[in-house]
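The next block holds one structure in the form of structure tokens; read it before the comments.
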Amino acid sequence: MPNAIAEVWTILREMNGASSVIYACLVSFSCGIVVYLIYGRESAKAPRPPLPPGPKPLPLLGNLLDMPVVALCVKYAEWGEKYGDVVHVRALGKHIIILNSYKAATELLHQRGSIHSSRPQTPMVHDPRLMDMDWSFVMKPYGSSWKQHRRLVVQHLGPALAGSLYTVQTESAYQLVKSVLDEPDSFEAHLRHAIGRVILGVSYGLKLQLSNDPHVAMAEKMTRLAGEGLEPKFLVNVFPFMKYIPEWMPGAGFRRLAAAARRATQELLDAPFEATKKEIAAGSTTQSFVRNALTETMDDSDANAQLLEDIKHVAGSMYAAGTDTTMAPIHQLFAVLVVFPNVQHRAQEELDHIIGGADSPSFRLPTFDDRPNLPYIEALLKEVLRWTPGIGSGMPHLSIKEDIYRGWRIPKGSIIFANSWGILKDENVYPDPYVFRPERFLPNENNTVQPDPTAAFGFGRRACPGKHLAESSLFIDIACLLAAFEFLPLKDKDGKDIDLKYVFEPGSGFILRPPAFSCTIRPRSNITERVVRDLEVMNG
Ligand code: HEM
């Protein structure tokens with residue numbers, strides 16, 4: 001991954017003394033061999049179609065030094081403007097293809113999905129001695145095991161769950177507004193708990209506590225450790241022999257992290273799955289992914305053992321795949337609403353028409369039945385996904401065969417990024433892309449409606465299977481929070497509003513997680529406060 005490579009390089013640059021020289025020599029030597037094996041052999045053969053355009057690579061290092069550690073998706077978008085919507089770069093002997101338009105992403109990842117739908121494998125993530133995450137649906141290479149996982153999700157997380165999904169999501173949103181009323185300063189933590197509760201509820205159907213649920217805590221621990229391990233900074237990804245270094249040795253911190261991630265993963269895979277089986281055996285009829293999928297299995301016989309493992313692994317993949325990605329846009333939205341109060345007021349005006357004004361005795365919180373009558377909230381949801389598409393540069397796809405596209409060669413083993421950030425900031429598709437304007441998604445006599453920001457959810461056979469779940473969670477949480485509260489800037493010591501625009505800058509991580517920020521959150525009126533306080537929320 002280019003992030004990985006950029007971070008490796010940063011580490012090398014930041015290291016002082018002999019070790020950095022040794023590492024640099026090792027990297028250069030390894031690169032030399034890899035580059036010779038790839039390009040030396042290639043150049044000896046007959047002329048072949050050119051690679052797509054891109055910045056000029058250096059010998060050995062390729063474009064490693066062109067890749068920033070922070071805001072890589074923004075750099076990718078800049079390259080798109082300079083070289084066109086298909087860009088090629090090289091790093092440590094890898095071909096990296098960056099797609100910055102819907103057209104290129106659809107034509108390659110969707111229409112030629114049988115070639116470009118695998119995932120790169122890295123020692124830290126996949127090796128059984130390290131994190132051993134081959135079980136994860138998101139990381140699996142393209143093949144029969146991945147297909148079986150995908151089939152289970154499409155079959156058992158889709159329309160079959162829609163009814164119970166809305167019940168879980170509405171209860172979670174109502175609990176969220178109650179918690180925010182009690183502890184507005186813990187807004188971020190409450191939001192995270194609400195999103196996690198829905199994903200675990202939908203995956204397992206377990207009765208979960210309203211706050212501090214042990215299953216949510218378990219899932220959080222695993223996601224945090226796995227997230228750390230996924231960071232591409234580990235030298236073992238460049239020198240796989242390092243996986244043999246004993247855990248106790250200095251410099252083997254990556255091995256201790258990997259061991260902790262493996263333990264946390266096992267706990268998360270087993271505990272909620274076994275608890276769900278027990279609840280079903282005790283007569284629970286709560287719908288969930290696990291329950292629906294288990295109806296396929298007749299018994300615990302060997303024939304079903306693989307299917308049971310698959311169900312367990314898919315359920316365990318959901319939390320890690322869905323929490324941070326849903327959290328990133330919604331958390332960012334509340335900074336947007338503080339910076340652009342006109343957007344907040346327009347959304348609240350629309351809500352007031354449908355659910356009763358904040359000062360009206362008939363005020364109530366929104367439900368999913370109101371969704372068709374709230375087009376501005378729907379547009380706001382689309383605009384925040386365009387503005388902060390969860391995963392900035394998209395998830396990497398791996399090409400399993402050489403391909404020729406628009407006369408360019410896409411070599412076998414290329415890592416392809418459909419850069420959601422660049423695609424969703426393309427001014428030919430979204431005029432004034434850096435202006436937050438939900439109206440772009442509303443029918444208007446002057447403009448045609450701009451395309452839905454589906455790029456946020458990826459492309460082709462690996463496109464996000466949690467899109468419907470994510471969008472409905474975002475809808476109900478946004479609608480309830482805006483109905484109940486107003487979000488205002490904090491004041492500095494001179495009484496001036498603290499500007500939250502810094503929150504909009506993409507950071508260094510894979511997920512576009514906004515930095516911590518604070519704002520004033522208060523009930524819109526005495527009536528909204530009373531309605532929220534009087535809510536009865538069930539566990540589960
Ligand atoms: C706003 C929230 C979300 C965003 C922006 C998002 C985005 C993405 C993206 C960009 C991908 C990679 C697609 C590709 O490779 O082309 C992906 C994959 C995936 N997402 Fe989501 N996602 C979100 C929520 C969820 C939720 C709630 C779940 C499940 C509960 C989920 C489950 C998955 C899974 C399992 C994959 C892997 C699919 C595969 O590799 O075949 N996501 N998501």
Side-chain angles (χ1 to χ4, degrees), residues 1 73 99 102 105-106 108-110 113 116-120 133-143 145-154 156-158 161 165 168-169 172 191-192 194-204 219 223 288-290 310 313-333 381-382 384-398 415-421 423-424 452-475 477-478 510-513:
M1 283 185 209
C73 55
L99 309 176
Y102 272 108
T106 309
L108 273 174
L109 304 184
H110 178 67
H116 306 294
S117 295
S118 201
R119 294 269 193 237
M133 286 197 69
D134 243 6
W135 59 270
S136 164
F137 172 26
V138 187
M139 314 287 175
K140 273 190 184 297
Y142 188 64
S145 173
W146 169 79
K147 282 185 187 157
Q148 162 70 346
H149 280 205
R150 188 97 193 176
R151 182 189 69 77
L152 284 169
V153 172
V154 170
H156 302 294
L157 193 69
L161 271 185
L165 184 67
V168 174
Q169 286 171 316
S172 170
L191 207 47
R192 225 184 145 69
I195 291 166
R197 230 175 133 237
V198 167
I199 297 179
L200 284 183
V202 169
S203 305
Y204 298 99
T223 307
S288 69
F289 164 77
V290 168
D310 287 336
H313 290 162
V314 172
S317 303
M318 300 294 190
Y319 190 92
T323 316
D324 282 348
T325 42
T326 310
M327 182 68 190
I330 191 171
H331 190 206
Q332 174 98 228
L333 175 66
L381 162 55
K382 290 179 186 170
V384 77
L385 283 166
R386 187 193 71 80
W387 183 263
T388 308
I391 305 177
S393 55
M395 287 280 283
H397 287 223
L398 182 91
I415 298 174
I416 304 187
F417 287 93
N419 185 30
S420 319
W421 174 272
I423 295 172
L424 294 168
D452 282 359
T454 50
F457 294 99
F459 291 87
R461 300 182 186 188
R462 302 302 291 238
C464 178
K467 177 174 181 285
H468 171 66
L469 172 60
E471 286 177 337
S472 45
S473 281
L474 287 171
F475 165 78
D477 288 349
I478 293 171
F510 187 57
I511 305 268
L512 292 176
R513 191 178 294 119

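One-based numbering along the sequence shown. Atoms within each ligand, like the ligands themselves, are counted from 1 in listed order. Note that the coordinates shown come from a computational prediction; the quantities given were computed from them, not determined experimentally.
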Practice task
Decide whether an N or O pair under 3.5 Å exists between Arg462 and ligand 1.
Solution key: yes
Exercise for the section: For ligand 1, find out whether one of its N or O atoms is nearer than 3.5 Å to an N or O atom of Arg119. Expected result: yes
Practice task
For residues Ala418 and Ile423, report the shortest heavy-atom separation together with the two atoms involved.
Solution key: C-CD1, 4.3 Å
Problem - Where Ala455 and Ser420 come nearest, the two heavy atoms and their spacing - result: O-OG, 3.3 Å
Handout entry: Part of Leu469 with heavy atoms under 4.0 Å of ligand 1, whether side chain, backbone, both or neither
Key = side chain
Practice task
Give the residue and atom name of whichever protein heavy atom lies nearest to atom 6 (C) of ligand 1, and the separation in Å to one decimal.
Solution key: Phe457 CD2, 3.7 Å
Exercise for the section: Taking only heavy atoms of Ala470 into account, list the atoms of ligand 1 that are under 4.0 Å away from them. Expected result: 1 (C), 2 (C), 24 (C)
Practice task
Under 4.0 Å, heavy atoms only, figure out whether ligand 1 is touched by the backbone of Phe459, its side chain, both or neither.
Solution key: backbone
Practice task
State whether the side chain of Ser172 and the backbone N or O of Ala194 hold a donor-acceptor pair below 3.5 Å, judged by distance alone.
Solution key: yes
Handout entry: Side-chain heavy atoms of Leu512 within contact of Pro389, under 4.5 Å
Key = yes
Completion exercise
Among non-hydrogen protein atoms, atom 20 (N) of ligand 1 lies closest to Cys464 SG, 3.2 Å
Problem - Interfacing atoms of ligand 1 (cut-off 4.0 Å, heavy-atom, Thr326) - result: 1 (C), 2 (C), 24 (C), 27 (C)
Problem - Any side-chain heavy-atom pair of Leu469 and Val198 under 4.5 Å - result: yes
Exercise for the section: Quick one: look up the protein heavy atom nearest atom 26 (C) of ligand 1 and list residue, atom name and how far away it is. Expected result: Gly322 CA, 3.4 Å
Fill in the blank from the handout: atom 29 (C) of ligand 1 sits nearest the protein heavy atom Met318 SD, 3.8 Å
Fill in the blank from the handout: closest protein heavy atom to atom 12 (C) of ligand 1 is Met395 CG, 3.3 Å
Fill in the blank from the handout: Between Gly316 and Tyr204 the two heavy atoms that sit nearest each other are N-OH, 3.6 Å
Exercise for the section: Identify which of His116, Arg150, His397 has a heavy atom lying nearest to atom 14 (C) of ligand 1. Expected result: His397
Handout entry: Any side-chain heavy-atom pair of Met327 and Ile511 under 4.5 Å
Key = no
Practice task
Return a yes/no value for Ala463: is any of its N or O atoms, backbone included, closer than 3.5 angstrom to an N or O of ligand 1?
Solution key: no
Problem - Taking atom 32 (C) of ligand 1 as the reference point, the nearest protein heavy atom with its distance - result: Ala321 CB, 3.5 Å
Exercise for the section: Taking the side chain as every heavy atom from C-beta outward, state whether Phe459 and Leu108 have any pair of such atoms under 4.5 Å apart. Expected result: no
Exercise for the section: Could you please spell out the steps behind the salt bridge (charged side-chain N to carboxylate O under 4.0 Å, His left out) verdict for Arg386 and Asp452? Expected result: CA-CA 8 Å; Arg386 187 193 71 80; Asp452 282 359; over 6 Å; no
Exercise for the section: Report the part of Lys140 in contact with ligand 1, treating N, CA, C, O as backbone and CB onward as side chain, heavy atoms under 4.0 Å; options are side chain, backbone, both, neither. Expected result: neither
Completion exercise
The closest protein heavy-atom partner of atom 1 (C) of ligand 1 is Thr325 O, 3.5 Å
Exercise for the section: Would you mind telling me if ligand 1 is within reach of the side chain of Tyr319, the backbone, both or neither, using heavy atoms under 4.0 Å? Expected result: neither
Practice task
Please state whether the rings of His156 and Phe289 are parallel, tilted or perpendicular, taking 30° and 60° as the class boundaries.
Solution key: perpendicular
Fill in the blank from the handout: To atom 36 (C) of ligand 1, the nearest of Ser420, Ala456, Pro465 on a heavy-atom basis is Pro465
Handout entry: Nearest atoms (heavy-atom pairs only) where Ser317 meets Trp135
Key = OG-CZ3, 3.6 Å
